[in-house]
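Have a look at the structure below before the remarks.
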Amino acid sequence: MSKNINDFIHQVVKKGTCTGCGLCVGMDESGKSFMRDTPNGPRPVISENHSIPELIRSCCAGHEINYPKLYQNHYGKYPDNWLTGMISGVYTGYCTDEKIRRNSSSGGVLTAVLCSLLESEKIDAAIVVTQGIPEPEKASVVMVGSTAEIQAASQSVYVPVSTLDILNKLEPGKRYAITCLPEQAAAIRVLQMHGHEKALCIRYILGPYTGTAIYPAAIEMFKRINGISNTDRVVSLKWRAGEWPGYLEIITQSGRVLRSPKVYYNFLIPFFVTNASLQSMDFANEFADLAVGDAWSPEFESQGQGFSVVVSRNEQMTALLEDLHLQGVLNLKAEPSESAFSMHGHMIDFKKRGSYIRNQTRRLLGMKAPDFGYKPARIGFKRIMVEMVISTIFVLGKTTLFRLILFLLPERIIGPLFNNLRLRWKKISKKTKRQGLESYEVIITEE
Ligand SMILES: Cc1cc2nc3c(=O)[nH]c(=O)nc-3n(C[C@H](O)[C@H](O)[C@H](O)COP(=O)(O)OP(=O)(O)OC[C@H]3O[C@@H](n4cnc5c(N)ncnc54)[C@H](O)[C@@H]3O)c2cc1C
């Protein structure tokens, strides 16, 4: 038991940088700590008799993860491109099984690869995140041992889910694949680097490109602005239902069906965006073996159905993808490595420069911010100004007054209005946000 560790975790939570990933709880071999749901996502409750090792200090994403060190240790070198991380192969494509593709977030590639790993007995179980467990409005991490269960966990979950608290339930000797968000993947790699027995059972890390997530309170607000009363229970919630890019779909006990296209329900972001989304500098899941995002381009968007951008980070994963392509499980087209970021320039800038500016601003204001061990080599004055506008919107959006205004506006107005404003802002800020991005370089701040 260490009181210091308890204080350390308490400070991360109190100072507002806890990402709710559940790692500290997962590292507590005593099994006495647990995660508790709050309106801001899951938060740890650490037992006084915990057995969390000191190592937590160097893998807690709310405190510090030294990316440069991890690069050296895991890949043996720094990436050629710090925007997307190490790349072995880049593809665009989808899973050829229509059912999987249609039920998935983009092209169903994550689901298909997990199913293949299980079917070929490369893993004993998959650890996935699924909406609807333990109840329709909640999402949880689950360990599954069948392809049907993997398929049932398709689709992105855009609220924070404590995923790594499952760590202390892993059985040494068994082999697992896990889907997790970027800093969670990096945290697992830190543990593996230190020989953590259970983390070493994770043989494959798969994960989404990750832009923004929203607090669970957003669901409550979405229901309220659509006139759903508290007594009308939600019986189903899907974040990416229907034809790609999909819509948020909520069905209630009384039979009400709410559907909001993805581009419209983005209006919830300024009001409910998580601190974890604002502080992370990793968009492309740099320490996952396989990272997958939506293939945002007019060519694919006009076709609907679902297309992914697929990034393999090592030869073993590339060989697996090529094999699945040859077998006809995946339809993949090899792309130049720039494709890993060219469809996502806006969000990559949001993380690689935006998060750094936001974290530095927090520090300047005397607040805590996590340290990732590097910083952008250059950031222009205009880019900092653009960030000040964005951050002001996020700060204001989370105030009671602005949430009240949101509550009073019907979704059919705020959805298209927000989308319109978002597109205009994107156009105005595009030049500044893209400027210098392709020549992005970093300075290692701590060896
Ligand atoms: C919070 C979040 C933000 C995202 N932001 C972007 C973005 O800005 N741009 C972009 O291109 N793509 C983004 N994505 C990724 C995108 O939504 C798809 O997940 C990705 O394209 C993979 O699609 P797929 O069809 O292959 O996945 P599917 O076949 O549908 O499988 C999804 C898998 O991801 C896992 N999963 C879902 N949610 C989570 C979660 N919260 N934590 C851990 N595992 C999870 C599930 O277990 C499932 O196995 C985001 C995803 C998330 C979860």
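Order of appearance sets the numbers: ligands from 1, and atoms from 1 within every ligand. Positions are given from 1, in the same order as the sequence printed here.
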By salt bridge (charged side-chain N to carboxylate O under 4.0 Å, His left out), Glu441 pairs with (sequence neighbours left out) Arg378

Close residues, ligand 1: non-hydrogen atom nearer than 4.0 Å: Ser104, Ser105, Ser106, Gly107, Gly108, Val109, Leu110, Thr111, Leu114, Val128, Val129, Ala153, Ser154, Gln155, Ser156, Val157, Tyr158, Thr179, Cys180, Leu181, Pro208, Tyr209, Thr210, Gly211, Thr212, Ala213, Arg240, Phe283, Val292, Gly293, Asp294, Trp296, His344, Met347

I'd like to know whether the aromatic ring centres of Trp296 and Tyr209 sit less than 6.0 Å apart in this structure. no

Apply salt bridge (charged side-chain N to carboxylate O under 4.0 Å, His left out) to Glu220 and list each qualifying residue two or more places apart in sequence or on a separate chain. Lys223

Check: Phe287 ring centroid to Tyr75 ring centroid under 6.0 Å: yes

Under 3.5 Å, which donor-acceptor pairs do the side chains of residues 338-347 form with other protein atoms, sequence neighbours left out?
residue : atom : partner : partner atom : Å
Ser339  : OG   : Pro336  : O            : 3.2
Ser342  : OG   : Glu338  : O            : 3.2
His344  : NE2  : Asp294  : O            : 2.9

Tell me if the aromatic rings of Phe307 and Tyr94 count as close, with their centers under 6.0 Å from one another. yes

